[in-house]
Amino acid sequence: VLPDIAASLGGVMGKTVAEVRFEGTPDAVLAVLNELDNSNAIDAIGDLRLNYSAATKRVSVQMSLEKWGVVRKSGRGGA
């Protein structure tokens, strides 16, 4: 269904993936993850990796963020 809708808009379905890394306190990391999970700008969070350092009491985060949408076809042979 979605490819048909994309085609009717003159494009194809495509996705953008961003690899994100950051570090923070456990509470700050949970707040960021909650904001990302509730954001309309992000369709999926994938490959989420959390590592806690007892020495610094901080969490390092590595994850992928995905956004799906219609990629309009250009007149130059590409999408």
Side-chain angles (χ1 to χ4, degrees):
V1 171
L2 290 179
D4 294 336
I5 294 170
S8 72
L9 295 172
V12 296
M13 288 301 298
K15 74 175 175 176
T16 300
V17 178
E19 298 293 328
V20 177
R21 294 179 186 184
F22 65 95
E23 183 179 293
T25 64
D27 288 340
V29 167
L30 287 176
V32 169
L33 292 175
N34 185 51
E35 286 290 323
L36 292 171
D37 189 43
N38 290 316
S39 173
N40 290 331
I42 298 169
D43 291 325
I45 298 173
D47 298 327
L48 178 62
R49 295 179 188 169
L50 304 170
N51 291 309
Y52 178 73
S53 171
T56 62
K57 297 183 180 178
R58 295 178 70 81
V59 178
S60 61
V61 180
Q62 180 179 347
M63 66 181 153
S64 300
L65 303 176
E66 296 181 12
K67 180 65 180 173
W68 288 83
V70 176
V71 178
R72 296 208 183 260
K73 293 182 182 178
S74 70
R76 293 174 274 171

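Everything numeric in this text was worked out from a predicted model, so none of it was measured. The figures that follow rest on heavy atoms only: side chains count, while hydrogens, waters and symmetry mates do not. Here, residue 1 is the first one in the sequence, and each next residue gets the next number.
- Glu66 has its side chain out of reach of Ile42: every pair of non-hydrogen atoms, C-beta onward, lies at least 4.5 Å apart.
- Residues Val59 and Asn51 have side chains not in contact (no heavy-atom distance under 4.5 Å, counting atoms from C-beta outward).
- Contact annotation: the side chain of Lys57 approaches that of Tyr52 to within less than 4.5 Å [non-hydrogen atoms, C-beta and beyond].
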query: side chain to side chain contact (heavy atoms under 4.5 Å, CB included) between Ile45 and Leu65: does it pass, once the steps are laid out?
result: CA-CA 5 Å; Ile45 298 173; Leu65 303 176; 3.8 Å; yes
- request: Carefully, step by step, assess Leu36 and Met63 under the rule side chain to side chain contact (heavy atoms under 4.5 Å, CB included).
  value: CA-CA 11 Å; Leu36 292 171; Met63 66 181 153; 3.3 Å; yes
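- Remark: the backbone N or O of Leu33 is not paired with any side-chain donor or acceptor of Asp37 at under 3.5 angstrom.
- Considering OG1 of Thr56 and CD of Glu23, their distance stands at 5.5 Å, rounded to 0.5 Å.
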Intermediate values then yes/no, side chain to side chain contact (heavy atoms under 4.5 Å, CB included), Thr25 and Arg58: CA-CA 5 Å; Thr25 64; Arg58 295 178 70 81; 4.1 Å; yes
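- Note on Leu50: it does not cluster hydrophobically with Leu30, by side-chain heavy-atom contacts below 4.5 Å among ILVMFWY residues.
- Nearest heavy-atom pair across Trp68 and Asp43 is N-OD2, 2.6 Å.
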